[in-house]
Structure formats: structure tokens, C-alpha cells
Amino acid sequence: MPELPEVETVRLGLEPALCGHRFVQVVQRREDLRFPLPDRFTERLTGRRVERLARRAKYILIHLDDGQVLVVHLGMTGRFSVARRATQEVQLGNYSSEHGGNARHDHLVFVMSGGAVITYNDARRFGYMLLIPERDLAENAFMRGLGVEPLSAELNAAYLARRAFGKKIDLKTLLTDQRIVAGLGNIYVCEALFRAGLDPFKPASRLATSGGRPTARTERLVGAIKRVLGHAIRAGGSTLRDYKQADGRAGAFQNAFQIYGREGAPCLKPSCRGTVLRKSQGGRSTFYCPVCQR
DNA sequence: AAGAACTCCTGTTGGC
DNA sequence: TGCCAACAGGAGTTCT
């Protein structure tokens with residue numbers, strides 16, 4: 001799925017199409033994505049005006065004028081594409097030429113008062129949408145347990161040391177756990193660990209001293225996480241296979257990967273002679289340099 | 001109760 | 001070319 005930088009890029013792409021505009025028409029092509037879509041979904045959205053778009057972890061939060069929030073998670077393959085209403089007829093007949101996806105996976109279409117036609121396509125349907133009152137957001141089952149935002153001041157070495165203290169799980173598993181740091185996924189954890197020179201397979205407890213205090217490597221890791229996410233957002237995210245920005249353009253950060261997807265290639269650390277390895281960890285690929293990640 | 005394994009679904013890729 | 005297995009950016013649920 002889109003990780004935090006991709007979700008943030010999608011949010012930014014949707015903003016001009018949605019903000020200040022009303023849902024004129026909502027077409028729902030199936031009952032469920034990963035979970036059933038909200039009851040009376042199209043009725044409840046139609047006529048509502050979008051006040052603002054926010055993001056929490058990998059969720060896009062679309063705040064409506066009736067106090068409800070449309071919460072969207074893109075799963076692995078969810079994507080939005082934005083077109084103008086003038087092209088709607090063409091679109092309805094031939095989406096695939098518009099966004100490169102298969103039209104059979106166009107599950108929702110939102111027609112906005114400002115003229116935008118927004119299509120949600122999701123081949124694997126791991127994505128989901130909720131429509132809940134804003135006041136219930138914090139206690140919602142999906143939001144409740146989320147950890148800190150990695151780009152906020154809440155992610156710092158002291159926090160990470162505290163959460164890692166005594167944990168036997170490996171470093172990479174800790175970082176992809178949304179309850180600890182919310183928004184990281186496989187790619188950016190690989191990248192951050194490489195940049196910080198840390199071994200993904202070592203126990204998470206190494207981020208804390210015996211007294212639960214942060215160490216130099218904890219500081220390094222926090223810095224690497226923030227830098228890699230910031231850089232990726234500025235590049236418009238990474239495009240591997242499914243992810244696209246809302247305007248259909250590819251992101252550019254995949255060109256800045258230093259470790260992800262580079263199995264067999266030489267390590268990019270200036271003085272390192274290592275070769276990038278790929279190992280399965282928790283059922284997904286971890287890319288790392290066994291020489292400089294210790 | 002932490003941690004591992006399994007699960008949802010479809011598409012793409014690489015090996016033979 | 002065809003077929004099949006492995007893999008894909010997530011994460012909730014179930015198990016041990």
C-alpha cells in the first residue's frame with residue numbers, strides 16, 4: 001500500500017477537487033471493499049460539502065459540513081483519480097484509459113460541485129471507508145490504538161526508546177507496527193534502517209539502555225525516519241506498481257531508494273563494500289546491507 | 001499477553 | 001506461448 005508519503009500525496013491531490021465542494025452524485029458499484037461500505041453511503045454523502053482534508057497515519061480524513069468524517073484507507077492498491085466533469089462521459093465508458101487501472105475495479109465515483117469526477121479504484125480491495133461523526137474519531141476502533149505521527153515532535157528518541165524497551169521483536173517489526181509509529185510501511189522502514197545503519201533483524205530492545213533511555217542509534221533512527229519521509233513527500237511518494245498520485249502522475253521517490261528493491265546491487269554507503277540482500281521477515285521482503293547495518 | 005501465522009483479494013512477474 | 005508459484009506497499013483476527 002501506499003505508506004505515509006503516498007497517502008499524504010493523495011490527500012494533497014484530492015484537496016483542490018474536494019475542498020469547499022459538494023458531492024453532487026455518488027456512484028457505488030459494490031457493497032463492500034475490505035469491509036462493507038457504510039450504510040446508506042451514497043445518500044449520506046450526496047449534498048454534503050467538504051470542509052477540509054486531513055491525514056492520520058495512513059488514513060485520509062475528509063471532514064464534511066454535517067460533522068461527519070469520511071475516513072479512507074487505501075489498503076494495498078486503492079487509488080483515486082481526478083478528472084473534470086466535462087470528460088465524465090468518456091470516463092464512464094472508458095476509465096482504464098484515464099488512470100491505467102482496470103475499470104472493473106472502479107468501485108466508487110464521486111461527482112463534485114466544482115466539476116471534479118473522482119474515481120476510487122482498488123483491485124485487491126484491501127482498502128476501506130468509514131463514515132463516522134467527527135467526535136467519535138479518536139475512539140474509533142481503527143484510530144484508537146494508533147501510535148505517534150512520525151513527522152511530529154511526538155516521535156523522538158525518548159518515545160521510541162520507551163516503546164522499544166524490553167521488546168524481543170526485531171527492529172523492523174517494531175517500526176512497521178502502527179501502534180508504535182503510525183504511517184510507516186515496508187519500504188520506508190527499510191530505507192530508514194539503512195540510512196541509520198541499523199540491522200533490521202536485531203531486537204528492538206537495542207533502542208533503549210537497560211534503564212529505558214535512548215541511545216545514539218535511537219537518535220540516528222529517528223532522524224533517518226523523519227528525513228526519508230520528508231524527502232519522499234517532497235518527491236510525491238514512490239510509484240511501484242499500483243500507486244499513482246491523484247492526478248495520475250507517478251511519484252519520484254522510487255528513484256531515490258537506497259536499499260529497497262536493490263537486491264544483489266552494491267551497497268551505496270560510500271566506504272562500504274557490501275552487497276544488498278533480501279530476506280523474508282514477517283512474510284515480507286526486507287532489503288538490507290549486512291555489512292554496514294549492524 | 002506478546003508474538004507468529006493466517007487471512008482477505010487480484011494482478012504481475014519470473015522460472016521452467 | 002503456457003502454466004504455476006511466488007510475490008506485492010497493509011493490517012485485523014486468530015492461534016500458540
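Each chain gets a letter, A, B and so on, in the order its sequence line appears, and its residues count up from 1.
- Without hydrogens or angle criteria, A/Glu6 side chain to A/Gly237 main chain gives no donor-acceptor distance under 3.5 Å.
- In terms of modelled atom types and a separation under 3.5 Å, the side chain of A/Arg48 and the main chain of A/Arg22 share no donor-acceptor contact.
- Using a 4.0 Å heavy-atom distance criterion, A/Tyr188 is classed as making no nucleic acid contact.
- Rounded to whole Å, atom P of C/dA6 lies 20 Å from atom NZ of A/Lys279.
- For the pair A/Asn102 CG and B/dT10 P, the computed distance is 11 Å after rounding to whole Å.
- The side chain of A/Arg284 contributes no N or O atom lying less than 4.0 Å from OP1 or OP2 of C/dA8.
- Here, C/dT14 and B/dC9 have their P atoms 15 Å apart, quoted to the whole Å.
- At least one side-chain nitrogen or oxygen of A/Arg278 sits closer than 4.0 Å to the OP1 or OP2 atom of C/dA8.
- Stacking is not found between A/Phe126 and the pyrimidine-like six-membered ring of the C/dA11 base under the 5.5 Å centre-distance and 30° plane-angle cut-offs.
- With P as the reference atom, C/dC7 and B/dA5 are 15 Å apart, rounded to whole Å.
- Applying the side chain to side chain donor-acceptor pair (under 3.5 Å) criterion to A/Arg11, with sequence neighbours excluded, gives A/Glu8, A/Glu15.
- A/Lys58 places a side-chain N or O within 3.5 Å of a backbone atom of A/Leu184 that can act as its donor or acceptor partner.
- Here the P atom of nucleotide C/dA11 and the CZ atom of A/Arg144 are 16 Å apart, to the nearest Å.
- Under the 3.5 Å distance criterion, the side-chain polar atoms of A/His107 are matched with a main-chain donor or acceptor of A/His105.
- Residue A/Ser285 places none of its side-chain N or O atoms closer than 4.0 Å to OP1 or OP2 of C/dC7.
- We find that CG of A/Asn186 is positioned 8 Å from P of C/dA8, with the value rounded to whole Å.
- Contact annotation: A/Lys167 does not reach the phosphate of B/dG3 (side-chain N/O to OP1 or OP2, under 4.0 Å).
- At a threshold of 4.0 angstrom between heavy atoms, the contacts of A/Phe253 with the nucleic acid are absent.
- Taking 3.5 Å as the limit, the base of B/dG11 and the side chain of A/Arg124 contain no donor-acceptor pair of atoms between them.
- Summarising the geometry, the separation between CD1 on A/Ile169 and P on B/dA5 is reported as 14 Å, rounded to the nearest angstrom.
- Residue order along DNA chain B, read from the 5' end via each residue's closest nucleotide, puts A/Lys168 first among A/Arg125 and A/Lys168.
- Proximity of A/Tyr260 to the phosphate of C/dG9: a side-chain N or O atom is located under 4.0 Å from OP1 or OP2.
- Checked by atom type and distance alone, the side chain of A/Asp177 never pairs as donor or acceptor with a backbone atom of A/Leu174 at under 3.5 Å.
- With A/Glu3 contributing its side chain and A/Pro5 its backbone, the two residues share no donor-acceptor pair below 3.5 Å.
- As rounded to whole Å, 10 Å separates atom P of C/dG12 from atom NZ of A/Lys58.
- Atom CD of A/Glu3 is separated from atom C1' of C/dG10 by 9 Å (rounded to the nearest Å).
- Note: CZ (A/Arg104) to C1' (B/dT10) measures 8 Å, nearest angstrom.
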Quiz prompt | 5'-to-3' dot-bracket of DNA chain C (Watson-Crick, G-U; under 3.5 angstrom; crossing pairs as [ ]; | other strand) | solution = .|||||||.|||||||

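- Side-chain contact between A/Leu155 and A/Val181 is present, with heavy atoms from C-beta onward closer than 4.5 Å.
- Within the 4.0 Å cut-off from OP1 or OP2 of C/dG12, not a single side-chain nitrogen or oxygen of A/His73 is found.
- The side chain of A/Met76 approaches C/dG10 more closely than any other nucleotide in the set C/dG12, B/dG11, C/dG10.
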